[in-house]
Amino acid sequence: MKKSGPQRLRLAAALRMLSVEEVNSDGPEEVYGEAAERLEEVVKRLKEQPRQMRRVGFRQGKEGFGRREFDFGMVDLSPVSGLANPLAPPVRVQRKEEKRAMGMVVFPGSVRTGTGCAHHGYVAASVDEVFGAVLAWMGEPIMTGILDVRFLRPCPVEEEVRLDGWVRRETAGVVFTEARVEVAAGPVAEANAVFFIVGEDQYKRFAEERNRKLLVG
């Protein structure tokens, strides 16, 4: 899957900012009505464009680790880390070691709950994304089996959050991982997860089914 161009990334960033302002602002109804009309017209134009096809498979490893990586076909469209997906905060993930990665994210005000802090579901999804990156870099086509997140304190919005995830051990067809989530004030959460290796063929079937539904939809 090709990476998105600068204008598509710009659109996604604008939509993220829009989601924050729509939640935080309290203007007259006509302001929201005018915005909705403009956006509905944009949606109509985008629906006339070709569909984004998803491709998965192995690719050459980078950063000198000497192993094939697995491409889940998301690239910058991931709902958690994709810069071109307005649903993504987004989480930025960097490889630290062969079986370890560091993620950084600033949760926007649009995911704030009644407590004023980030919804815990976004924290859990971000942990899962870091684990997925580690295993993709290891060349493992996987699916999450168990994700156990223990929250130690509320996670703030509009503040840098660090996620450290690593592989604890591997057995036949199963990978066990651990993670820590921290902010400047201290630990936010700890996590353990179990991933099942499902193979390249299974992910190709997922991609083919997704593409088929997108074309007929």
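For the side chain to side chain contact (heavy atoms under 4.5 Å, CB included) criterion with S110, the lone passing option out of V23, N24, V157 is V23. No option in D128, V105, V127, V106 other than V105 meets the side chain to side chain contact (heavy atoms under 4.5 Å, CB included) test with V91.
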Working note: E158 + R112, criterion side chain to side chain contact (heavy atoms under 4.5 Å, CB included); need CA distance, chi angles, decisive distance, verdict. CA-CA 10 Å; E158 300 172 349; R112 183 185 285 116; 3.9 Å; yes
Mind running side chain to side chain contact (heavy atoms under 4.5 Å, CB included) on E69 and D71 for me, showing each step along the way? CA-CA 7 Å; E69 299 173 359; D71 183 356; over 6 Å; no
Before you tell me yes or no, could you show the steps for L152 and E190 under side chain to side chain contact (heavy atoms under 4.5 Å, CB included), namely the whole-Å CA-CA distance, both residues' side-chain angles and the distance that decides it to 0.1 Å? CA-CA 8 Å; L152 307 176; E190 297 175 343; 4.0 Å; yes
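With a 6.0 Å radius and a threshold of 12 heavy atoms from other residues, nucleotides or ligands, R168 has its CZ atom above the threshold. When the shell of 6.0 Å around NE2 of H119 is examined, it contains 12 or fewer heavy atoms from other residues, nucleotides or ligands. Annotation for Q94: atom CD does not count as buried by contact number, only 12 or fewer foreign heavy atoms lying within 6.0 Å. The local environment of CD in Q49 is crowded, with over 12 non-hydrogen atoms from other residues, nucleotides or ligands closer than 6.0 Å. A 6.0 Å sphere centred on CZ of F72 holds more than 12 heavy atoms belonging to other residues, nucleotides or ligands. The number of heavy-atom neighbours closer than 6.0 Å to CZ of R150, taken from other residues, nucleotides and ligands shown, is above 12.
Under the side-chain contact (heavy atoms from CB on, under 4.5 Å) criterion, V134 pairs with A101, M138, V167, sequence neighbours left out. Legend: residues meeting side-chain hydrogen bond (donor to acceptor under 3.5 Å, both in side chains) with R51, ordered by chain and number and at least two apart, are absent.
Ring centers of F70 and Y203: under 6.0 Å apart, within the cut-off.
Atom CZ of R45 and atom CD of E41 lie 7.5 Å apart (nearest 0.5 Å). Distance check, rounded to the nearest 0.5 Å: CG of L87 to OG of S19 gives 8.5 Å. A distance of 9.0 Å separates CG of N85 from CZ of R8, quoted to the nearest 0.5 Å. Rounded to the nearest 0.5 angstrom, H120 NE2 and T113 OG1 are separated by 7.5 Å. Here CG of D76 is found 3.5 Å from OG of S4. Values are rounded to the nearest 0.5 Å. One finds the CZ atom of F176 at 4.5 Å from the OG1 atom of T171 (value rounded to the nearest 0.5 Å).
In this structure a side-chain-to-backbone donor-acceptor pair under 3.5 Å is present from T115 to C117.
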